[in-house]
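Here is the naming used below: chain letters follow the sequence lines, and residue numbers restart at 1 for every chain.
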There are 2 protein chains.
Amino acid sequence: MSLDAGRLRVLVEVAHAGSIAAAAQRMSFTPSALSQQLAKLERELGCRLVDRGPGGTTLTKAGRVLVSHGEAVLGELRAAEEAVRAVLGAEPDRLAIGTFSTAGRILVPEALAAFRHDYPAARLSLLDLEPPKGYGLVTSRDLDLLITHRYVGVPLPGLAGLRRTRLLTDPLRLVLPADHPAADQARSGLADLADEEWISGGHGVPNRVCLGTLAKQAGVEPHVAYETQDYEVTLALIRAGLGISLVPESVLRRTDLTGLAVRELRGVRPSRQMYVVHRRRPAALVAAMVTLLLRSAETITTAV
Amino acid sequence: MSLDAGRLRVLVEVAHAGSIAAAAQRMSFTPSALSQQLAKLERELGCRLVDRGPGGTTLTKAGRVLVSHGEAVLGELRAAEEAVRAVLGAEPDRLAIGTFSTAGRILVPEALAAFRHDYPAARLSLLDLEPPKGYGLVTSRDLDLLITHRYVGVPLPGLAGLRRTRLLTDPLRLVLPADHPAADQARSGLADLADEEWISGGHGVPNRVCLGTLAKQAGVEPHVAYETQDYEVTLALIRAGLGISLVPESVLRRTDLTGLAVRELRGVRPSRQMYVVHRRRPAALVAAMVTLLLRSAETITTAV
DNA sequence: AGCTGACGTTAGCAACGCTTAACTCTCTCG
DNA sequence: CGAGAGAGTTAAGCGTTGCTAACGTCAGCT
């Protein structure tokens, strides 16, 4: 006897949604149904898969392993269905793209416009995802394409059977209020800024990890006073004189910079790199979109 | 809504067994149950998957496509289960090997003996399979290892995510009765033997395809009077003076050759090549067995 | 304390899927 | 040529599965 694909789907959905209740809503079931399916799955395997806690569930080690394999199973199931439809003469016309916020503003629109022109019949869907999430959704074919990034110093997620192409390198700039004392120098070292109040992402966010790594190399520990994921918010805080931050070049290019001073860090050249991730043997639509994204990235790079 | 893995399993079993009734027996169900599952699968997809004929079923084009993807799904399901067991500390101890008859006699026993010595706790299972069958069983994890062959001129099956390693090249010899007129010459061409009665496999059997290809190159058409898959039978027929045949070297080495004359074909050097096929990222047991098989193959080759 | 939100449990009911038993079709053999 | 065997399908019956609904439990919060 073998595992049931339906139960695996439940586990994967619960893992993605973060709680049984949220997954149940997505799947149009009652939480009870999912809970029972999970319990049965755990009974079959003889081990716990999720740790039930108030405020949501977290996966056990076995659960994480099973989720990643479950995504592969779901992906194969969809591939099977798609292959039969292809035999019947149905061209795939759906393209689901996952992207992080900045890319969604600076990289995707241009590519999407060109794509609409080349394939007017294609049905596009977009999903916002913050790195390093989303790899599993490509494996399970919920996404055809994932645009993600990685700050240098943060390890890249392993790609099990996926393909990853670098789109562009996005250097990080030091941004401070225009009237800040350090704004006079063209370059400042992290050590010189040890007493500043920093603005960055929360614990574990790549953003924050990168800042921590850089500071550690400089022998200092930054004081993060404000935590936000959103670079627009970050810039507003800086403008208000509440702190300083490292902000990607690509974000700055599309923003009003009045009241801000943009400098380079001394000694190091931090950056984040943007990638596009898709399955091996991409369909025609996927390959076309990758090409357009690369072109869009090139436009940005050469515009520097 | 998506395909059901259980129904895919039914389709795959039916494809392998060649008929609904045979698959039902293997799965301990009634033919009616499988028939209903297949019907439902066809209804869901909106196309026929099997052609019902008296004396068995054959797959439609869509059916063949779905079977190959179904095998991938089943393989992922087993991989998922195995991965969880691995997290729980269970070492895999099962090794299922598929082999064709000659290899089962000349190549496998030596490797198997060494394997038993190195891994006494491993549970081995063997399955007889005639090439080019068996690739799908590796994908679906029914087999961990497939020992197969291919006569030159016969196309190799495509390997979707599998790895194939050549074990050895097995030259084909012309075998005729000891008192046959042509037995005097050390070499004879196929054109010289155009009027002989040949012994070979049935239509579509690689054996037969190879003979046909060689003969076509020589501008003749062989008259196949006796059809058999079994080389022992073939040799017995030759000994009885009923015909001649091409027989692999490896078969001849383990057989009593009295009453037979072994010669080489003039002009061509036909052969069959033996391969071992397994999944990417083989488990420790699989990798060890491959090594032993390669060593066993080397022993045979150098013993020439 | 009492409330809220999230999860687990139990009872009940609907749907699914298997078996039994008939039927169709084709090929085979006396 | 008609009986029989083999393969597959269809219809009816029934057990199992898996859902919902209502209730029970526990942690954190006001």
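In this structure B:His69 satisfies the ring pair (Phe, Tyr, Trp, His ring centres under 6.0 Å) test with no other residue, sequence neighbours excluded. When the side chain to side chain donor-acceptor pair (under 3.5 Å) test is applied to B:Ser32, the partners found at least two apart in sequence or on another chain are B:Gln36. Scanning for ring pair (Phe, Tyr, Trp, His ring centres under 6.0 Å) contacts around B:Tyr151 gives B:His149, with sequence neighbours left out. In this structure, the side chain to side chain donor-acceptor pair (under 3.5 Å) partners of A:Arg7, at least two apart in sequence or on a different chain, are A:Gln37, A:Glu44.
Across the protein-nucleic acid pair, B:Leu38 atom CG and C:dC18 atom P stand 11 Å apart, rounded to whole Å. The distance from atom CD of B:Glu42 to atom P of D:dG8 is 12 Å, rounded to the nearest whole Å. As a whole-Å value, the separation of A:Arg43 CZ from D:dT17 C1' is 12 Å. In this structure, B:Asp4 atom CG and C:dA15 atom P are separated by 18 Å, rounded to whole Å. Rounded to a whole Å, the CZ atom of A:Arg48 is 13 Å from the P atom of C:dC7. Residue A:Phe29 contributes atom CZ, which lies 13 Å from atom P of D:dA21 at whole-angstrom precision. Distance CD (B:Gln37) to P (C:dC16): 11 Å, rounded to an integer number of Å. One interatomic measurement links the two molecules: NZ of B:Lys40 to C1' of C:dG17, which rounds to 7 Å at whole-angstrom precision.
Within the structure, the salt bridge (charged side-chain N to carboxylate O under 4.0 Å, His left out) test picks out the following pairs touching residues 20-31 of chain A (sequence neighbours left out): A:Glu13-A:Arg26.
Checking side-chain atoms of B:Thr60 against main-chain N and O of B:Arg48 turns up a donor-acceptor pair under 3.5 Å.
Within 4.0 Å of B:Gln36, counting heavy atoms only, lies at least one base atom of the nucleic acid.
Checked against C:dC7, C:dG17, D:dT20, the side chain of A:Thr30 finds its nearest nucleotide in D:dT20. Here the side chain of B:Ser32 is nearest to one of C:dG17, D:dT20, C:dT20, namely C:dT20.
Residues of residues 15-27 of chain B that place a heavy atom closer than 4.0 Å to DNA chain D, in numerical order, are B:Ser19, B:Ile20, B:Ala21.
Checked for salt-bridge contact, A:Arg141 and A:Glu76 miss the test: no charged N lies under 4.0 Å from a carboxylate O.
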